[in-house]
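Atoms considered below: every heavy atom in the structure, side chains included; atoms not considered: hydrogens, waters and symmetry mates.
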Amino acid sequence: MTLLFSEHGSRVGCFDTDKEAVKTVLNQAKEDKVVDESLVHGFSSLDKLIDAFPTGESSSAVQANQADGKQPRMLVLSLPHGKPADGILDELLTRLNKGDIIIDAGNEWWKDTERRQAKADEKSIKWVGMGVSGGCRST
């Protein structure tokens, strides 16, 4: 997904507890002729990834939902279902702000998605379940 987003002009930051996985993505970005490697950034910690988000002013519609008037951050997760998703939700809820968005691209059971949505809603953070099958170039 990282490479697919960057192929379409999105600036992407990636983090994984397995630092070799991040290096692999960065190397793939360098080798892929379609990817603008300057759009793909790797981070060694979740805090560094979160801190890298731009802090520009947002539109008035978004400001109404943001305590600090900044653009909401949007994170797309590609994790195995179950405990890993619960663990990252707990970590992110302590780091994100009201109005930020977490998109779970893992194939998850709908009841777990609704449970995570409710937990995120308590902090006015949006959790969106978006199961993805296949890889970034699957047909």
Side-chain angles (χ1 to χ4, degrees):
M1 276 192 287
T2 299
L3 298 180
L4 180 63
F5 288 149
S6 63
E7 283 177 16
H8 293 277
S10 295
R11 188 175 337 172
V12 183
C14 56
F15 164 74
D16 194 306
T17 55
D18 178 358
K19 292 180 183 8
E20 289 302 313
V22 174
K23 288 179 186 177
T24 298
V25 171
L26 295 175
N27 287 333
Q28 288 173 337
K30 286 179 185 175
E31 295 170 7
D32 192 317
K33 302 294 183 219
V34 182
V35 173
D36 178 351
E37 71 177 281
S38 71
L39 296 175
V40 182
H41 307 276
F43 294 91
S44 59
S45 75
L46 190 55
D47 287 326
K48 287 181 181 180
L49 171 67
I50 300 297
D51 290 345
F53 278 85
T55 57
E57 292 301 311
S58 62
S59 69
S60 59
V62 172
Q63 284 180 1
N65 292 324
Q66 285 291 109
D68 57 9
K70 297 177 183 173
Q71 290 279 3
R73 295 173 281 199
M74 182 170 43
L75 290 89
V76 179
L77 307 179
S78 181
L79 298 168
H81 66 277
K83 289 184 181 184
D86 285 325
I88 196 67
L89 174 60
D90 289 340
E91 288 188 59
L92 290 172
L93 289 179
T94 64
R95 292 169 168 86
L96 297 180
N97 298 325
K98 176 182 175 183
D100 287 341
I101 303 163
I102 305 167
I103 299 174
D104 179 7
N107 287 322
E108 188 59 82
W109 189 44
W110 65 274
K111 285 190 176 187
D112 285 339
T113 296
E114 287 186 349
R115 177 177 49 78
R116 292 183 190 112
Q117 286 171 333
K119 189 172 185 177
D121 279 346
E122 291 174 6
K123 294 212 169 197
S124 298
I125 295 170
K126 299 298 178 198
W127 180 277
V128 179
M130 177 199 81
V132 175
S133 296
C136 72
R137 292 193 173 93
S138 65
T139 56

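- The heavy-atom pair separating Leu49 from Cys14 by the smallest distance is CD1-N, 4.3 Å.
- Closest non-hydrogen pair, Glu108 versus Gly82, comes out as OE1-N, 2.9 Å.
- Judged by distance alone, with hydrogens and angles left aside, the side-chain atoms of Lys30 form no donor-acceptor pair with the main-chain N or O of Glu37 at under 3.5 Å.
- Taking CZ from Arg73 and CD1 from Ile125, the interatomic distance works out to 8.5 Å, rounded to the nearest 0.5 Å.
- Under the 4.5 Å side-chain criterion, counting only non-hydrogen atoms from C-beta, Phe53 is not in contact with Asp100.
- Phe5 and Ile103 fall within a single hydrophobic cluster, where Ile, Leu, Val, Met, Phe, Trp and Tyr are joined by side-chain heavy atoms under 4.5 Å apart, directly or via other members.
- We find the CG-CG distance between Leu26 and Leu3 to be 9.5 Å, quoted to the nearest 0.5 Å.
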Step by step, would you call Thr2 with Val76 a side chain to side chain contact (heavy atoms under 4.5 Å, CB included)? CA-CA 9 Å; Thr2 299; Val76 179; over 6 Å; no
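- Remark: Asn107 CG to Thr113 OG1 distance equals 9.5 Å, nearest 0.5 Å.
- Using a 4.0 Å cut-off between a side-chain N of Lys or Arg and a carboxylate O of Asp or Glu, Lys48 and Asp51 do not qualify as a salt bridge.
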Decide yes or no on side chain to side chain contact (heavy atoms under 4.5 Å, CB included) for Thr17 and Leu46, but give the supporting numbers first. CA-CA 9 Å; Thr17 55; Leu46 190 55; over 6 Å; no
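- Within 6.0 Å of CZ on Arg11 lie no more than 12 heavy atoms contributed by other residues, nucleotides or ligands.
- Cluster membership check: Trp109 does not share its hydrophobic cluster with Leu89, using side-chain heavy-atom separations under 4.5 Å among Ile, Leu, Val, Met, Phe, Trp and Tyr.
- Formation of a donor-acceptor pair under 3.5 Å by the Gln117 side chain with backbone atoms of Lys126 is not found in this model.
- Contact record, Met1 with Ala105: CE-CB, 3.4 Å, taken as the closest heavy-atom pair.
- Residues Lys123 and Leu96 have side chains not in contact (no heavy-atom distance under 4.5 Å, counting atoms from C-beta outward).
- Here Lys23 pairs with Glu20 in a salt bridge; the nearest charged N to carboxylate O distance falls below 4.0 Å.
- In summary, Arg115 and Asp86 engage in a salt bridge, as defined by a charged side-chain N under 4.0 Å from a carboxylate O.
- A side chain to side chain contact (heavy atoms under 4.5 Å, CB included) with Ile88 is found for one member of Leu93, Leu75, Leu77, Ile102 and no other, namely Leu77.
- Pairing each heavy atom of Phe43 with each of Phe15, the nearest pair is O-CD1, 3.4 Å.
- Hydrophobic clustering places Met130 together with Ile101 (ILVMFWY residues linked when any side-chain heavy atoms are closer than 4.5 Å, directly or through intermediates).
- Listed here is the closest heavy atom pair of Pro72 and Gly99: CB-O, 3.3 Å.
- Taking each heavy atom of Val12 and Ser6 in turn, the nearest pair found is CG2-N, 4.0 Å.
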